[in-house]
There are 2 protein chains.
Amino acid sequence: MSRPTLVSLARELGVSRQTVSNVLNAPHLVRPSTRQRVQEAIERSGYRPSAVAQALRRKKSSTIAMRMYPTSDGINGAVMDRFLHRVVEQAESMGHRVVLFTAADDRAEIGALRDLIDRDSIDACLLTSTTAGDPRPAELGAAGIAFGAFGRPWGEEDTASHLWADVDGRAGTRAATEHLIDRGYRRVGFIGWPDGPGVGQDRLQGWADIVRERLGVDDPDEWLVRSDDGIVQGSAAATELLRRGCDALVCTSDSFATGAFDVFRGRPDLDGVLPIIGFDDTPVARAIGLSSITQPVEAAATLLVHRLVARATGDDGDTSMPTCRPVGSDGHLLAPVLQLRALAAAPAPALLSRARPDGDVGSGRLLEPTGG
Amino acid sequence: MSRPTLVSLARELGVSRQTVSNVLNAPHLVRPSTRQRVQEAIERSGYRPSAVAQALRRKKSSTIAMRMYPTSDGINGAVMDRFLHRVVEQAESMGHRVVLFTAADDRAEIGALRDLIDRDSIDACLLTSTTAGDPRPAELGAAGIAFGAFGRPWGEEDTASHLWADVDGRAGTRAATEHLIDRGYRRVGFIGWPDGPGVGQDRLQGWADIVRERLGVDDPDEWLVRSDDGIVQGSAAATELLRRGCDALVCTSDSFATGAFDVFRGRPDLDGVLPIIGFDDTPVARAIGLSSITQPVEAAATLLVHRLVARATGDDGDTSMPTCRPVGSDGHLLAPVLQLRALAAAPAPALLSRARPDGDVGSGRLLEPTGG
DNA sequence: ACTAGCGTTTTGATCGTTCCAATTGAACGT
DNA sequence: ACGTTCAATTGGAACGATCAAAACGCTAGT
């Protein structure tokens, strides 16, 4: 009554184990009549090949590893959660499993991955939260470990040769700023993180671009306040920017935006319209009806896993997976989508459609890749 | 230059593979001098046994599976995130891996688990979000699949024989309510979810207990408003409860509390003190300085994984892992901890220590189990 | 001296699959 | 009739470990 194996099935059918194996892995080698007989037996018995034995023989376990970060502030957490969920889904749909591991730092992460490769024969891994000067891509590349990164190789977008996907934050804030201007606001401020390379700078840039371009402002810093992340800090910054005459705000994070939201609501002179746009579209934003910029994390996850697995299984040359704005050799910048809420109820709904960043490659299409 | 194996190492040392194997798995069988020689070779070469080969032979892969739910509202998400993170950490510390999978419903989950057992030889799995009448424990039990549940077997706490851990929500709201009463509030209201068995009822009960007991209220329903979860709903409920004369609130969720928080802040007559306590201690609560009840999810994760793995490896009889209020045969109710924020600044800090629920088995001790 | 016992080490078989080379049998051309 | 070709099928070996039992060398007991 125990689980059937290749041998037990073969014996029962009076064929050799290899024939059964071929029915599954190379059906064209088996005579149609035999194939059918075997196939029926497989279904009847509920036989499923042992992934473990396959892994031992093939030295590939159809597994992807991913590091799990501590639930920092829950803001990043929510995004990572969505990402991880989609990674698992996509991997599953391609017959792969996802294992998690923790690591104290990037160094430890590489060590852990080496171990997973050696001991568990994992096929590939996913990196997240890449930084400028990140040591991981180079090291993994040198070690011959297949990987994809959620996060661009900051500063080396054009030269890095590995697979990566990232969200075009700049395009996001650009779209947000344009949207506010289109709605008639003329003094759009920005609440940003402290100066430094990476995500924060990228998002700020989009706002600065448009403010210069469309409003003809030479020194946008007038309408810029930087601060550590946080709701309270967001309120403070918003108050300050209102003092400086701003009439609308784009924020680096939903925390900022939540704080700002609060300040604006307390001002009856603002007429109940809340021209504030956050970033990341966290659950809180959804809950309080705050407009925000949604990262197409699902798209990123799908893309990365699809490519990684395809590469691992040798399914190259598959063009069914759409790519978005290819940059460098194998990098992908995905356009975020403006999620309008508080503003949506206001008079100019026609503008809603324009809110999508150009290229129009939102998560929509990517979510269901045609290639299974 | 490729990875060393038992055989390659043995040949190099002039001993048999089994001797090397014994050095790792049954050192007492090997003569000390030999053992040392082998051990050195192992370290020098960086040999690590192939988990895949071990899994094939032992029919155990040192792996725990866990279902990943869609990031519903991010409230539950944040809690699950913490749980998952700790599960991975604890599993790792005991030499186990964690694989994730998705499932459309409980039925599919069982199927997926069957598959993981058959194909991947996983050792055990963790269930979360158990409900009243949950079919999973029985089915898994019948299928002989080892599992632990984060969430009690609602309605069968005393009869269910499987391993489970849950948070004593009732004790949490009880402590919260007592705290408010101790601080002088006499009309403590409650915002709860729609009627129904499970978590919501459990949390409500704690409040009702104390209100009856300490305030001598016969019909607490006067100060109770039920609603679907949400910040906006929380605001509405709070407004209503203020109207009914409540002077403090305990809430089933941080969403409710956030909304209520907002309403209270808008009332200058309340003197800036915000006698509101939420549940789950989400990132938002932390960010806006809202008091909340922290679930000891880390403790639950540690406990469950520890027990599961110990059982799988036959390390029974290990009493180093403390258990909290054992109920039924293998169930554990963990006490949540009151996290005071907005109130903490107020005059009566001495009360802070009393805020811990009785039994005083917070996450503190459980977080670092003494056993391995 | 022969055997029993013990500590140490080795050998053979096995887990369930895939890779590789070999085998079979029928159809074909010469 | 015979070698050649090709499709279909087969058995041996290997992946890297563990289990079970056998073999080894030594000492001790009778």
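To find a chain, count down the sequence lines: A is the first, B the second, and so on, and within it residues start at 1.
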Q) More than 12 foreign heavy atoms under 6.0 Å from CZ of B/Arg119: is that the case here? A) yes
Q: May I ask you to evaluate whether B/Gln54 reaches the phosphate of D/dT18, defined as a side-chain N or O under 4.0 Å from OP1 or OP2?
A: yes
Q | Full working for side chain to side chain contact (heavy atoms under 4.5 Å, CB included) between A/Val297 and A/Arg86 | A | CA-CA 8 Å; A/Val297 269; A/Arg86 187 45 159 265; over 6 Å; no
Q.
Quick check on ring pair (Phe, Tyr, Trp, His ring centres under 6.0 Å): which of A/Trp164, A/Phe83, A/Tyr69 does A/Phe150 satisfy it with?
A. A/Phe83
Q.
In whole Å, I'd like the distance from the CG atom of A/Asp120 to the P atom of D/dG16.
A. 14 Å
Q: Give one of base, sugar-phosphate or nothing for B/Val7, where a contact means two heavy atoms less than 4.0 Å apart.
A: nothing
Q.
Using OP1 and OP2 only, check whether a side-chain N or O of A/Lys59 sits under 4.0 Å from D/dA14.
A. no
Q | Value rounded to 0.5 Å, distance of CG in A/Leu56 from CZ in B/Arg57 | A | 12.5 Å
Q: Could you check how far CZ of A/Arg31 sits from P of C/dT24, rounded to whole Å?
A: 17 Å
Q) Just checking, any donor-acceptor pair under 3.5 angstrom between side chains of A/Thr128 and A/Arg67? A) no
**Q.** Nearest-angstrom distance from the residue atom CG of A/Asn22 to P of C/dG16
**A.** 20 Å
Q | Between P of C/dT9 and CZ of B/Arg11, the distance in whole Å | A | 20 Å
Q. Looking at A/Ser50, does any N or O in its side chain come under 4.0 Å of the phosphate oxygens OP1/OP2 on C/dG16?
A. no
Q) Phosphate oxygens OP1/OP2 of D/dA8: is one of them under 4.0 Å from a side-chain N or O of A/Thr34? A) no
(Q) By the 4.0 Å heavy-atom rule, please label B/Val52 as base, sugar-phosphate, or nothing. (A) nothing
Q: Check if the side chain of A/Arg17 and the base of C/dT18 share a donor-acceptor pair of N or O atoms closer than 3.5 Å.
A: yes
Q) In whole Å, what is the span from the CG atom of B/Leu29 to the P atom of D/dA23? A) 19 Å
Q) What's the CZ-C1' distance between B/Arg35 and C/dG7, to the nearest Å? A) 13 Å
**Q.** Contact nearer the 5' end of DNA chain C, comparing A/Arg58 with B/Ala53
**A.** B/Ala53
Q | Residue whose closest nucleotide on DNA chain D lies nearer the 5' end, A/Thr19 versus A/Arg57 | A | A/Thr19
Q. Given atom CZ of B/Arg48 and atom C1' of D/dG16, what is their separation to the nearest angstrom?
A. 16 Å
Q. What is the distance, rounded to the nearest whole Å, between atom CG of B/Leu13 and atom P of C/dT10?
A. 11 Å
